[in-house]
Amino acid sequence: VQLQASGGGLVQAGGSLRLSCAASGRTFVKYIMGWFRQAPGKEREFVARISRNGGGTSYADSVKGRFTISRDNAKNTVYLQMNSLKPEDTAIYYCASAESLSWPPPRYEYWGQGTQVTVSS
C-alpha cells in the first residue's frame, strides 16, 4: 500500500488542522492505521491509531482530548483532526499502516512521506 499524507501547515497556538492520509494499492480496510510524529532532535512517537472498521481508537496521553483519528474506508483515507494545538505539537506527522491482527499492532509495515505541522506561540 502507498500512503500520501497532506494537510500540514503553520497555525497559531490554539488553532486547528486536519491531516489526511490517502492510501492506494491494496485493500485499505485490511489495515490498522496510525499517526506518528517526529519533532526536531527527538525520536518518532506514536500519536493515534484506529482499527480497521473505525470502531477502536487509541491516543497518546499528550494528545488525548485534543486530537481525533477517523477513517473513511470508502475513500481509502484516514484523518487526524487536531484541535487546541500547542507549540509542542510541532513535528513532521506520518501516517502508517499495519496488517497485523493484533491490537495494538506489533509493527507498521508501510509509511507515508510525512507532512510538516508547525504551531507558533
Side-chain angles (χ1 to χ4, degrees):
V1 64
Q2 294 179 330
L3 303 175
Q4 181 74 37
S6 62
L10 173 64
V11 63
Q12 288 188 333
S16 298
L17 282 174
R18 188 176 82 154
L19 305 183
S20 299
C21 175
S24 62
R26 299 173 66 183
T27 306
F28 180 69
V29 71
K30 293 174 57 177
Y31 295 96
I32 294 169
M33 298 299 298
W35 284 97
F36 294 77
R37 67 186 182 186
Q38 187 167 19
K42 295 187 177 181
E43 293 188 353
R44 185 173 61 196
E45 64 175 359
F46 165 77
V47 175
R49 60 177 160 256
I50 188 166
S51 62
R52 293 172 178 81
N53 65 1
T57 57
S58 181
Y59 299 91
D61 288 343
S62 59
V63 307
K64 203 171 293 183
R66 300 188 297 121
F67 291 11
T68 302
I69 188 171
S70 62
R71 66 191 295 163
D72 185 337
N73 286 341
K75 295 183 178 180
N76 286 5
T77 302
V78 61
Y79 305 98
L80 185 68
Q81 178 66 44
M82 305 185 295
N83 299 329
S84 302
L85 282 161
K86 305 175 181 180
E88 51 264 42
D89 293 319
T90 295
I92 300 174
Y93 283 72
Y94 299 90
C95 59
S97 64
E99 200 171 354
S100 171
L101 297 177
S102 301
W103 177 265
R107 68 185 182 94
Y108 289 80
E109 294 96 351
Y110 301 99
W111 294 81
Q113 85 290 358
T115 184
Q116 176 71 48
V117 172
T118 303
V119 184
S120 63
S121 58

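Shown here are the side-chain contact (heavy atoms from CB on, under 4.5 Å) partners of T57, two or more places apart in sequence or in another chain: I50, Y59, I69. By the ring-ring contact (aromatic ring centres under 6.0 Å, His included) test, Y108 is found to be paired with F36, residues two or more places apart in sequence or in another chain being considered. For P106, the side-chain contact (heavy atoms from CB on, under 4.5 Å) criterion is met by S100, S102, not counting sequence neighbours. Residues passing the side-chain contact (heavy atoms from CB on, under 4.5 Å) test with A60 are F46, S62, V63, sequence neighbours excluded. Partners of D72 under the side-chain hydrogen bond (donor to acceptor under 3.5 Å, both in side chains) rule, at least two apart in sequence or in another chain, do not exist in this structure. Every residue two or more places apart in sequence or in another chain that forms a salt bridge (charged side-chain N to carboxylate O under 4.0 Å, His left out) with K64 is listed here: D61.
For the pair E109 (side chain) and E99 (backbone), a donor-acceptor distance under 3.5 Å is present. Under the 3.5 Å distance criterion, the side-chain polar atoms of N73 are matched with a main-chain donor or acceptor of R52.
Between atom OG of residue S97 and atom CD of residue Q2 there is a gap of 11.0 Å, rounded to the nearest 0.5 Å. Separation of atoms CG (L19) and CD (Q81) is listed at 9.0 Å; rounding is to 0.5 Å. Distance check, rounded to the nearest 0.5 Å: CZ of R49 to CD1 of I32 gives 8.0 Å.
Applying the disulfide bond (SG atoms under 2.5 Å apart) definition to pairs two or more places apart or across chains, none involves residues 29-68. Residue pairs meeting the disulfide bond (SG atoms under 2.5 Å apart) criterion with at least one member in residues 63-121, sequence neighbours excluded, are C21-C95. The disulfide bond (SG atoms under 2.5 Å apart) contacts involving residues 40-70 comprise nothing, where partners must be two or more places apart or lie in separate chains. Counting only residues at least two apart or in different chains, side chain to side chain donor-acceptor pair (under 3.5 Å) contacts with residues 111-121 comprise Q116-T118.
Residues N83 and S16 approach most closely at OD1-OG, 2.9 Å, considering heavy atoms. Smallest separation of non-hydrogen atoms from A48 and L80: CB-CD1, 4.3 Å.
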Sequence neighbours excluded and cut-off under 3.5 Å, please list the side-chain donor-acceptor pairs for residues 86-93, or say none.
| unit_1 | atom_1 | unit_2 | atom_2 | d |
| --- | --- | --- | --- | --- |
| D89 | OD1 | R37 | NH1 | 2.9 |
| D89 | OD1 | R66 | NH2 | 3.0 |
| D89 | OD2 | R66 | NH1 | 2.7 |
| D89 | OD2 | R66 | NH2 | 3.4 |
| D89 | OD2 | K86 | N | 2.8 |
| T90 | OG1 | P87 | O | 2.9 |
| T90 | OG1 | V119 | N | 2.9 |
| T90 | OG1 | V119 | O | 3.4 |
| Y93 | OH | R37 | NH1 | 2.9 |
| Y93 | OH | D89 | O | 2.7 |

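Counting side-chain heavy-atom gaps under 4.5 Å among Ile, Leu, Val, Met, Phe, Trp and Tyr, Y79 is found in no cluster with other residues.
Side-chain atoms of F28 and V78, non-hydrogen and from C-beta on, do get closer than 4.5 Å to each other. In this structure the side chain of W35 never reaches within 4.5 angstrom of the side chain of F67, judged on heavy atoms.
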